[in-house]
Amino acid sequence: MAAAASGAAAADRDPISLPVAHPDGVGTSSCGRATGYDPEQPTLVVGAVGHVAHGKTTLVAALTGQRPSRFRQEARQNMTIQLGYATARIYRCPVCPRPHCFQVVRPLDPAITTDEDAARSSKVAADASPPRPRCSRCAAPAPLMTCHRLVAFIDCPGHEVLMSTMLNGATVMDAALLLVAANEEFPRPQTVEHLIALNVSGVPRVAVVQNKIDLLVDRVSASRRSTTERLTGQADDIRQYMSKHFTVAVQRRSGVDTAPPAGTAEFQERWDADGPPPVIPVSAQLGVNLAFVVDWIATVPVPRRNDLGAPRLSIARSFDVNRPGTTIDRLVGGVVGGTLTRGWLEPGAVVEIRPGLLTMAVPEQPVEMSATVGSQEASMPTCATYRPLRGRVATLKADNMPLHRAGPGGLIAVGLTVDPALCKGNRLVGHVVVHPSDDLRVFAAVDVAFYLLPTTVAATTGTTTAAASGGSRGRVPGPDHSPVPVGKLKVGERLHITVGTRSVMGRVALVRSGAARFCFDEPCCASTGTALVISRPTSCGAGGGTKLRSSARLFGWGSILSGSDCPRTVPLPPGDQRPMSSIPAMTCASSPPSTWRS
């Protein structure tokens with residue numbers, strides 16, 4: 001009780017440093033959503049990234065009241081393995097000053113007035129307003145607060161062996177919280193690599209959160225600097241490091257096509273005009289200074305959304321909601337979760353999941369290189385033909401709340417009339433939900449314009465450095481995480497490629513100046529101009545399989561210029577629930593069971 005009281009008292013103290021305020025988003029209605037959005041759909045996706053054990057999960061839980069890690073293995077090992085998800089509704093008090101005017105109120109919080117806290121129906125009107133709680137900081141009678149924004153959080157794993165999972169989550173982020181432990185040296189290896197991932201993924205807004213400031217108090221001695229001096233010194237180091245390396249953020253926020261080189265006068269001018277990322281010291285465990293984190297999230301402008309055209313949903317997770325022992329007459333279809341990149345979805349709509357079911361095949365004719373790279377022939381590797389899964393949208397939900405329709409942005413869950421065995425265990429992660437008439441292509445090989453980083457993070461002790469340098473294999477002599485030079489791409493080299501939320505293994509078929517051809521082991525949905533992230537695996541699965549057994553070092557990115565389409569077979573009709581045993585030689589991305597047990 002004493003610790004909780006001291007933590008609450010510390011939360012009301014003046015902050016050590018103030019974050020940079022950003023203007024509110026325009027063109028939005030209640031709860032920060034554009035006109036036409038369901039009031040229960042999040043409009044902003046914020047990711048928590050950073051080095052392992054720097055408090056990402058603790059911060060998300062402190063902000064939302066929900067534990068993002070929901071797998072049994074994660075609780076047993078006390079680590080984040082899969083992407084974690086949580087939702088928070090931010091309210092604004094008309095009386096309190098910033099940052100305390102923005103408050104997170106949970107749906108079952110007693111502060112919500114009983115006369116306006118009626119249960120929501122599944123057929124909620126588009127112009128309906130969420131319940132209005134009373135401010136917990138104002139004296140009675142406290143004023144009613146208005147819903148300012150509904151935010152979805154993504155908790156990314158910090159271990160280097162799970163870097164591909166973090167890259168999948170970075171592709172759907174609108175903003176990110178980069179956590180840095182105040183009681184450790186800056187930067188740490190995964191702090192650098194996650195910052196590079198945010199950079200190349202184009203996440204436009206980043207705030208640095210100095211966590212664990214409560215651990216500095218007991219470590220201060222006569223021979224060490226005071227707590228404030230240590231925090232200020234680390235904050236200066238963070239700002240200096242960000243000004244040299246975080247260039248894409250300046251490019252996206254400035255609205256220009258090319259970012260100026262770091263360190264130049266033009267870069268510094270844009271950096272000073274737009275403002276560096278704020279550095280917010282907090283203690284997620286005690287709740288100190290969390291109001292400033294909520295203030296930053298509440299004032300981040302919502303990106304412009306593409307609500308035109310056919311819907312496209314990038315799948316970030318998929319699962320089966322049927323419990324063991326469910327009878328056949330009570331079975332429901334699989335569920336996929338992700339974010340709509342464009343268009344709208346409504347219950348009853350007919351959709352396709354691409355690539356869907358995969359089967360291995362070898363093309364009869366060699367594939368010629370496109371004009372963007374060259375005219376030489378490149379041998380096509382053994383790749384997959386695909387059969388899209390076709391079904392209907394049964395339900396739409398956001399944080400277990402029903403939606404009457406879903407628009408671009410935020411995180412949603414879509415219940416489909418497809419075989420739930422195909423969705424079990426994230427087997428459809430990386431696939432795309434589209435309209436059957438959508439012209440989204442499924443590539444087996446792509447021609448890309450690529451860009452390589454000058455250096456990348458070195459592997460940890462005991463792993464190979466060939467992935468980072470591209471040279472011969474060797475052992476890291478010690479726990480030195482200093483940057484290592486990035487080697488050139490080589491024909492025949494195996495790479496780990498991330499396209500959207502899909503991560504696959506591939507190989508380099510041809511390299512020309514600034515352009516290359518990548519052949520995928522498994523097909524990927526993309527279009528011309530889609531960005532991809534390139535990583536070198538430190539070690540691959542036995543026999544050159546498509547699964548990584550160790551970490552991958554991010555060393556470059558690129559843009560798709562053109563590609564070769566993967567062969568397609570006839571899609572399954574809507575509502576097809578045939579047993580998988582009746583689909584010969586078909587496997588999903590993660591090899592689902594070959595038989596259906598009723």
Side-chain angles (χ1 to χ4, degrees), residues 7-8 10-25 32 42-51 54-68 84-93 96-106 136-137 145 148-156 158 173-182 191 194-195 198 203-215 231 234-235 238-239 242 249 275-302:
D12 293 333
R13 299 171 187 169
D14 292 334
I16 298 177
S17 64
L18 290 175
V20 178
H22 298 283
D24 293 339
T43 56
L44 190 73
V45 180
V46 179
V49 301
H51 193 71
H54 278 197
K56 299 179 291 296
T57 303
T58 305
L59 178 64
V60 174
L63 291 175
T64 64
Q66 306 173 18
R67 191 72 178 176
Y85 303 91
T87 305
R89 192 186 298 274
I90 300 177
Y91 289 83
R92 185 168 191 170
C93 176
C96 295
R98 290 181 59 184
H100 301 291
C101 62
F102 297 108
Q103 302 177 25
V104 177
V105 179
R106 302 177 183 90
S136 59
R137 299 180 59 89
M145 297 189 295
H148 178 74
R149 179 170 292 176
L150 191 59
V151 183
F153 289 88
I154 295 181
D155 179 27
C156 296
M173 294 179 188
D174 300 319
L177 299 172
L178 179 66
L179 274 83
V180 175
T191 303
H194 283 202
L195 182 60
L198 297 177
V203 179
R205 303 279 177 176
V206 174
V208 181
V209 178
Q210 280 182 297
N211 193 22
K212 303 184 180 182
I213 61 174
D214 53 310
L215 299 182
L231 286 176
Q234 189 187 60
I238 292 173
R239 294 188 183 96
M242 297 284 284
V279 180
I280 311 173
V282 304
S283 173
Q285 195 72 32
L286 300 180
V288 178
N289 274 359
L290 292 186
F292 292 88
V293 181
V294 176
D295 178 86
W296 182 84
I297 296 173
T299 54
V300 169
V302 177

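The basis for the numbers below is simple: all heavy atoms, side chains too, and nothing from hydrogens, waters or symmetry mates. Note that the structure is predicted; figures quoted are calculated from it, not measured.
Here CD1 of Ile238 is found 9.5 Å from CG of Leu231. Values are rounded to the nearest 0.5 Å. With values rounded to the nearest 0.5 angstrom, Arg92 atom CZ is found 8.5 Å from Asp295 atom CG. To the nearest 0.5 angstrom, Gln234 atom CD is 11.0 Å from Arg239 atom CZ. In this structure, OG1 in Thr58 is found 9.0 Å from CG in Asp155, a value given to the nearest 0.5 Å. Distance check: Lys56 NZ to Leu178 CG gives 9.5 Å after rounding to the nearest 0.5 Å. In this structure, CG on Leu198 lies 10.0 Å from CG on Leu177, to the nearest 0.5 angstrom.
Looking only at distances, no side-chain donor or acceptor of His148 sits under 3.5 Å from a matching main-chain atom of Ile90. Judged by distance alone, with hydrogens and angles left aside, the side-chain atoms of Gln66 form a donor-acceptor pair with the main-chain N or O of Thr87 at under 3.5 Å. Using a distance-only test at 3.5 Å, with no hydrogens or angles considered, a donor-acceptor pair links the side chain of Arg149 to the main chain of Ile297.
Nearest heavy atoms, Val206 versus Pro278: O-CD, 3.9 Å. In this structure, Ala235 and Gln210 approach most closely via the heavy-atom pair N-NE2, 3.9 Å. In terms of heavy atoms, Leu44 sits closest to Pro301 at CD1-O, 4.4 Å. Residues Ala207 and Trp296 come closest through the heavy atom pair CB-CE2, 3.5 Å.
Residues meeting the side-chain contact (heavy atoms from CB on, under 4.5 Å) test with Cys96, sequence neighbours left out: Cys93, Cys101, Cys135, Arg137, Cys138. Looking at residues two or more places apart in sequence or on another chain, you find a side-chain contact (heavy atoms from CB on, under 4.5 Å) between Asn211 and Leu179, Val282, Ala284. Scored by the salt bridge (Lys or Arg N to Asp or Glu O under 4.0 Å) test, Asp174 finds Arg305 as partners (sequence neighbours excluded). For His51, the ring-ring contact (aromatic ring centres under 6.0 Å, His included) partners two or more places apart in sequence, or in a different chain, are His54. With sequence neighbours excluded, no residue forms a side-chain hydrogen bond (donor to acceptor under 3.5 Å, both in side chains) with Thr191.
Using a 4.5 Å heavy-atom cutoff, the side chains of Arg89 and Val105 are not in contact.
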Worksheet entry | Candidate pair Val294 and Leu63, rule side chain to side chain contact (heavy atoms under 4.5 Å, CB included), full reasoning | CA-CA 8 Å; Val294 176; Leu63 291 175; 3.8 Å; yes

Derivation of the side chain to side chain contact (heavy atoms under 4.5 Å, CB included) call for Val49 and Met173: CA-CA 11 Å; Val49 301; Met173 294 179 188; 3.9 Å; yes

